[in-house]
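A quick write-up on the structure given underneath.
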Number of protein chains: 2
Amino acid sequence: MSALRTLYERADVVPLLAEIFRELGFEGATLSRITERTGIGKGSLYHFFPGGKEEMAAAVLAEVDTWFEQFVYEPLRRDDPAEAIAAMWKNADAYFRSGGRICLVGAFALDETRERFATTINDYFQRWIDALAGALVRSGRPASEARAAAENAVLGIQGALVLSRALDDKALFKRALDQMAKRLITS
Amino acid sequence: MSALRTLYERADVVPLLAEIFRELGFEGATLSRITERTGIGKGSLYHFFPGGKEEMAAAVLAEVDTWFEQFVYEPLRRDDPAEAIAAMWKNADAYFRSGGRICLVGAFALDETRERFATTINDYFQRWIDALAGALVRSGRPASEARAAAENAVLGIQGALVLSRALDDKALFKRALDQMAKRLITS
DNA sequence: CTAGTTGTGTACTGATAGGTACAATGCGTT
DNA sequence: AACGCATTGTACCTATCAGTACACAACTAG
């Protein structure tokens with residue numbers, strides 16, 4: 001008699017929410033659009049995230065952070081610097097789908113959503129820059145240059161995401177990343 | 001008997017709207033927040049912009065476009081390339097208040113707001129890149145490199161805005177712009 | 001000092017926002 | 001099969017959303 005219904009758990013929901021926040025932004029991601037796009041009802045959403053939309057976004061940011069910590073920052077600190085840096089560019093291209101997917105943390109930084117998640121946003125970029133600068137130093141780069149070079153690489157990825165989306169041109173994203181990768185190790 | 005009230009005209013309103021859209025994004029800029037922050041009532045807003053919020057945002061984008069056309073793109077096409085490029089960096093720093101103000105066009109590009117203003121957004125960046133690449137060629141740079149170098153500069157400004165806001169660090173913005181300015185003319 | 005035009009405040013609309021309450025459903029255990 | 005708990009759909013709440021209507025105020029021209 002009853003229609004089939006899918007049973008989720010929290011871990012399944014977070015990646016779905018991530019895509020929605022990415023596409024619509026925090027303010028644009030309304031509860032009704034979330035239920036509409038995911039097929040998950042309010043009942044489930046508030047069961048998993050009693051804190052509502054803010055807790056949903058926080059959970060998404062936490063998962064993004066975990067991913068980068070595991071696949072980017074930690075390798076930069078631990079592994080052979082040249083290899084880890086090469087992996088960083090490869091992972092960034094894959095994660096952001098060659099510009100087809102934006103950086104949620106960067107997007108949140110631009111509008112007033114920043115106030116809600118200021119420390120999370122700050123940490124995400126700070127740890128990225130620190131890890132990359134450390135790897136550059138270990139690879140023999142003078143510490144005086146390393147920080148600026150690291151900032152430049154991280155900022156370049158964010159800019160490439162903005163520009164490739166603005167021009168709707170994924171090729172630009174790949175081209176920009178290649179160029180930045182070369183510049184990071186040579187100059 | 002009557003309290004004093006300010007009389008506006010459309011041209012006065014657009015810059016006020018611009019700041020609000022910058023700070024709150026398109027979705028976050030609700031009519032009530034607009035009236036609250038500007039002191040301009042709905043009556044006036046719908047008098048100037050019968051098309052509502054969308055027309056307000058379009059007017060803001062048009063004004064931004066006009067500003068860049070006049071003070072950045074046109075000089076890049078017309079004036080001595082080295083001087084125009086130097087002026088571009090100076091104007092970008094001033095316009096974006098050393099990272100204290102974001103690029104509305106870039107911000108709109110990131111979320112679904114892009115769909116509403118796709119061609120405007122595309123044009124803004126396309127004309128910037130074209131004008132800069134042209135200036136680079138006129139300054140003696142091989143055409144094969146000029147386009148990529150121009151893309152890199154424009155993308156770098158967008159990235160610097162994201163990162164300086166994320167880290168709440170205006171010094172980073174200035175530092176990044178200085179470095180990019182040097183790299184653009186030397187490499 | 002009127003007449004017409006350009007602005008403005010206030011009060012309203014229907015739709016949708018985020019959030020709550022809760023009964024019913026499905027699943028793992030025994 | 002019956003218990004208990006995690007999960008879910010539905011109905012509902014109040015606040016706020018974008019937008020409309022319109023009478024009124026201010027400036028501008030004659």
Side-chain angles (χ1 to χ4, degrees), chain A residues 1-61 63 104 108 111-113 115-117, chain B residues 1-61 63 104 108 111-113 115-117:
Chain A
M1 213 29 150
S2 65
L4 297 184
R5 52 177 191 176
T6 324
L7 286 186
Y8 290 95
E9 53 188 71
R10 206 183 123 114
D12 301 326
V13 177
V14 176
L16 300 174
L17 291 176
E19 291 313 310
I20 293 170
F21 281 119
R22 259 187 259 269
E23 288 169 29
L24 306 179
F26 184 78
E27 297 290 344
T30 67
L31 267 294
S32 61
R33 297 223 248 185
I34 292 172
T35 59
E36 174 193 316
R37 293 203 186 196
T38 61
I40 304 171
K42 280 190 183 187
S44 307
L45 289 170
Y46 278 87
H47 174 67
F48 295 130
F49 311 98
K53 232 175 90 166
E54 179 140 1
E55 188 175 344
M56 296 177 208
V60 169
L61 286 176
E63 192 172 81
L104 192 61
F108 278 6
D111 62 32
E112 48 129 30
T113 310
E115 320 310 321
R116 289 176 190 265
F117 306 109
Chain B
M1 213 28 146
S2 67
L4 298 182
R5 51 177 193 176
T6 325
L7 284 186
Y8 291 93
E9 52 188 71
R10 205 184 124 115
D12 302 325
V13 177
V14 177
L16 300 174
L17 292 176
E19 292 312 311
I20 292 170
F21 280 119
R22 258 187 259 270
E23 289 169 29
L24 306 178
F26 183 79
E27 297 289 345
T30 67
L31 266 294
S32 60
R33 297 223 249 187
I34 291 171
T35 60
E36 174 192 318
R37 294 203 186 196
T38 61
I40 304 169
K42 279 190 182 185
S44 307
L45 289 170
Y46 277 89
H47 175 66
F48 295 130
F49 310 97
K53 233 175 88 165
E54 179 138 2
E55 188 176 344
M56 297 177 208
V60 169
L61 286 176
E63 192 172 80
L104 193 61
F108 279 6
D111 61 32
E112 49 128 29
T113 310
E115 319 310 322
R116 290 175 190 265
F117 305 109

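Just so we're on the same page: letters track the sequence lines, and every chain starts at 1.
For A:Glu9 and C:dG26, the CD to P distance is 18 Å, given to the nearest whole Å. Note: CG (A:Leu24) to P (C:dG18) measures 11 Å, nearest angstrom. Note: CG (A:Leu17) to P (C:dG18) measures 13 Å, nearest angstrom. Taking atom CZ of B:Phe48 as the reference point, atom P of C:dT6 lies 11 Å away to the nearest angstrom. Taking atom CG of A:Leu7 as the reference point, atom P of D:dG9 lies 9 Å away to the nearest angstrom. Atom OH in B:Tyr8 sits roughly 15 Å away from atom P in D:dA26 (whole-Å rounding). For A:Ile40 and D:dT8, the CD1 to P distance is 7 Å, given to the nearest whole Å.
Within the 4.5 Å cutoff, the side chain of B:Arg33 has no heavy atoms near those of the B:Glu23 side chain. For the pair A:Val60 and A:Val14, the minimum side-chain heavy-atom distance is below 4.5 Å.
Note: B:Glu112 CD to A:Ile20 CD1 = 11.5 Å, rounded to the nearest 0.5 Å.
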Protein-nucleic acid N or O pairs under 3.5 Å, nucleotides 18-22 of chain D:
| from | atom 1 | to | atom 2 | distance (Å) |
| --- | --- | --- | --- | --- |
| D:dA18 | OP1 | B:Lys53 | NZ | 3.3 |
| D:dA18 | OP2 | B:Leu31 | N | 2.6 |
| D:dA18 | N7 | B:Lys42 | NZ | 3.4 |
| D:dG19 | OP2 | B:Tyr46 | OH | 2.9 |
| D:dG19 | OP2 | B:Lys53 | N | 3.2 |
| D:dG19 | O5' | B:Tyr46 | OH | 3.3 |
| D:dG19 | N7 | B:Lys42 | NZ | 3.0 |
| D:dG19 | O6 | B:Lys42 | NZ | 2.3 |

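The aromatic rings of B:Phe21 and B:Phe108 sit perpendicular to each other, their planes meeting at more than 60°, with 30° as the lower class boundary.
One finds a salt bridge joining A:Glu55 and A:Arg10 here, because a Lys/Arg side-chain nitrogen approaches an Asp/Glu carboxylate oxygen to under 4.0 Å.
Tested against B:Phe48, the residues B:Leu17, B:Val13, B:Asp12 include a single side chain to side chain contact (heavy atoms under 4.5 Å, CB included) partner, B:Val13.
Remark: B:His47 is not in phosphate contact with C:dT8, judged by side-chain N or O atoms under 4.0 Å from OP1 or OP2.
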